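These notes concern the structure reproduced below.
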Amino acid sequence: MAKKQTGGWLESIKTIVYAGLIAIGIRTVAFEPFNIPSGSMIPTLLVGDYLFVSKYSYGYSRHSMPFSPGLFEGRIFGRLPERGDVAVFKLPRDNATDYIKRIIGLPGDRLQVRGGVLHLNGQPVRRELLGNYTVEGDGPRMVVRQFREILPPQPGIEPHAHTILEMSDDQPYDNTQEFVVPAGHVFAMGDNRDNSLDSRAPNAVGFIPVENLVGRAEFIFFSVDGSARIWEVWAWPMAIRWSRLFSAVR
């Protein structure tokens, strides 16, 4: 009886170990879940969104694996993001903190913000006023302006359009120096332009090494507005943002 019981425990442990290895494998080579804790990507991503990031989109680096072990340098099967991709990356100053922003600049690009308008390689990027947007759930409730920003086309790729927010065109990062993206790096910005710490802050984020890219945001699989506490089971259905479930991140 004791031998049979021991065998049962061993089988259970083996099953758990196998399941853990499969989960780590999927997380490393296919998809990894992330949640959004801040409002820097509003209106594209809201606080309380949960999304899947594809790990294969840009190839694999040490940051593709849990705890970023220093097993190798560079990327395997690597390719650059497209302008407009929403990507997760490790913050360059600590190589540990996960950030999610929109990739705006590629190696060799010149970028500058003047009067709130993004300039790419010397040309202003077109933006169209869509009206007002009310920001809720991440600090004080406020009404800001919403624009449709249209990035210029890349060879073989259609122009990328996305929505950004601006409190005004005279905030700290609305007038910047010109940045020239070095080889092996990209430049990222948040869609909530006046409430985002990103590549416009050289000492905080700066240029992002391609090696630090974790993956591309693909779709939202769950979203809650924070109105229900964990023990308020009866309020959970009202807290879920049903319209955001399984929506693509663009």
Side-chain angles (χ1 to χ4, degrees), residues 34-51 53 81-93 97-105 111-120 124-151 160-176 179 186-208 213-214 216-220 222-227 241 243-244 247-250:
F34 286 89
N35 74 290
I36 305 302
S38 75
S40 70
M41 281 296 291
I42 297 173
T44 304
L45 298 172
L46 306 180
V47 177
D49 281 348
Y50 291 77
L51 52 89
V53 168
E82 296 176 7
R83 288 196 200 98
D85 281 0
V86 177
V88 171
F89 58 89
K90 297 293 183 182
L91 186 65
R93 70 167 182 250
T97 306
D98 290 318
Y99 264 39
I100 185 166
K101 306 288 181 185
R102 190 177 298 279
I103 304 300
I104 299 295
L111 299 105
Q112 186 176 22
V113 182
R114 303 181 206 160
V117 177
L118 173 66
H119 287 65
L120 181 60
V125 172
R126 184 158 59 99
R127 67 176 192 177
E128 303 167 350
L129 182 63
L130 299 177
N132 291 335
Y133 183 95
T134 302
V135 178
E136 297 177 312
D138 186 48
R141 185 175 184 269
M142 63 178 66
V143 178
V144 298
R145 293 176 301 159
Q146 183 174 202
F147 292 91
R148 183 172 181 259
E149 185 176 73
I150 305 166
L151 296 176
H160 186 283
H162 53 270
T163 307
I164 64 170
L165 301 182
E166 288 276 7
M167 293 172 58
S168 76
D169 288 332
D170 195 27
Q171 297 295 309
Y173 294 124
D174 281 334
N175 291 282
T176 71
F179 300 96
V186 293
F187 191 96
M189 296 171 64
D191 289 348
N192 192 355
R193 291 289 164 82
D194 296 325
N195 187 26
S196 174
L197 192 64
D198 50 43
S199 292
R200 294 172 292 176
N203 296 326
V205 180
F207 301 119
I208 300 144
L213 294 171
V214 174
R216 183 179 64 201
E218 298 292 347
F219 66 92
I220 297 165
F222 191 63
S223 183
V224 289
D225 62 15
S227 62
R241 301 185 184 109
S243 63
R244 296 185 65 77
S247 59
V249 178
R250 292 291 180 261

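Because the structure is predicted, anything quoted here is derived from the model rather than measured.
Side-chain N or O atoms of Asp85 include none that pairs as donor or acceptor with a backbone N or O of Ala87 at under 3.5 Å. The backbone N or O of Val224 lies less than 3.5 Å from a partner atom in the side chain of Arg241, making a donor-acceptor pair. Side chain of Glu218 to backbone of Val53: no donor-acceptor contact under 3.5 angstrom is found.
Two residues are said to be in side-chain contact when any heavy atoms from C-beta on lie closer than 4.5 Å; Met142 and Met167 meet this criterion. Contact of the Glu136 side chain with the Asp225 side chain is not registered, since no non-hydrogen atoms from C-beta on lie closer than 4.5 Å. Side-chain contact between Ile104 and Arg83 is absent, with no heavy atoms from C-beta onward closer than 4.5 Å.
Residues Ala201 and Tyr173 come closest through the heavy atom pair CB-OH, 3.3 Å. Nearest heavy-atom pair across Pro43 and Leu165 is CD-CG, 3.6 Å. Across Ser223 and Asp49, no two heavy atoms sit closer than the pair OG-OD1, 2.5 Å. In this structure, Ala161 and Arg148 approach most closely via the heavy-atom pair CB-NH2, 3.6 Å. Between Asp198 and Gly190, the shortest heavy-atom distance links the atoms OD2-N, 3.0 Å.
Between Tyr50 and the options Ile220, Ile36, Asn35, a side-chain contact (heavy atoms from CB on, under 4.5 Å) holds for only Asn35. With respect to Ser199, the side-chain contact (heavy atoms from CB on, under 4.5 Å) criterion is satisfied by exactly one of Val186, Leu111, Ile208: Ile208.
For Arg114, there are no salt bridge (Lys or Arg N to Asp or Glu O under 4.0 Å) partners at least two apart in sequence or on another chain. Residues satisfying the salt bridge (Lys or Arg N to Asp or Glu O under 4.0 Å) criterion with Asp174, sequence neighbours excluded, are absent altogether. The side-chain hydrogen bond (donor to acceptor under 3.5 Å, both in side chains) check on Thr44 picks up Arg102, Asp191, with sequence neighbours excluded. Applying the side-chain hydrogen bond (donor to acceptor under 3.5 Å, both in side chains) test to Glu149 and every residue at least two apart in sequence or in another chain returns His162, Arg193. Listed by chain and number, the residues in a ring pair (Phe, Tyr, Trp, His ring centres under 6.0 Å) with Phe179 are Phe187 (sequence neighbours excluded). For Arg93, the salt bridge (Lys or Arg N to Asp or Glu O under 4.0 Å) test picks out no residue, with sequence neighbours left out.
Note: Leu118 CG to Ile150 CD1 = 12.5 Å, rounded to the nearest 0.5 Å. Expressed to the nearest 0.5 Å, how far CD1 of Ile42 lies from OG1 of Thr134 amounts to 11.5 Å. Expressed to the nearest 0.5 Å, how far CG of Asn192 lies from OH of Tyr133 amounts to 9.0 Å. Here CD1 of Ile100 is found 5.0 Å from CG of Leu45. Values are rounded to the nearest 0.5 Å. The OH atom of Tyr99 lies 7.0 Å from the OG1 atom of Thr97; values are rounded to the nearest 0.5 Å. For the atom pair Leu51 CG and Arg216 CZ, the distance stands at 13.0 Å (nearest 0.5 Å).
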Check against side-chain contact (heavy atoms from CB on, under 4.5 Å), Val214 and Lys90: CA-CA 7 Å; Val214 174; Lys90 297 293 183 182; 4.1 Å; yes
Audit row: Thr163, Leu130, side-chain contact (heavy atoms from CB on, under 4.5 Å) steps and yes/no: CA-CA 9 Å; Thr163 307; Leu130 299 177; 4.2 Å; yes
Trace of the side-chain hydrogen bond (donor to acceptor under 3.5 Å, both in side chains) decision for Lys101 with Ser196: CA-CA 9 Å; Lys101 306 288 181 185; Ser196 174; 3.0 Å; yes
Verdict with supporting geometry, Val125 and Val117, side-chain contact (heavy atoms from CB on, under 4.5 Å): CA-CA 7 Å; Val125 172; Val117 177; 5.6 Å; no
Verdict with reasoning, Ser168 to Asp170, per side-chain hydrogen bond (donor to acceptor under 3.5 Å, both in side chains): CA-CA 6 Å; Ser168 76; Asp170 195 27; over 6 Å; no
Trace of the side-chain contact (heavy atoms from CB on, under 4.5 Å) decision for Ser40 with Leu197: CA-CA 8 Å; Ser40 70; Leu197 192 64; over 6 Å; no
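Arg145 and Asp169 are joined by a salt bridge, as a carboxylate oxygen and a charged side-chain nitrogen come within less than 4.0 angstrom of each other.
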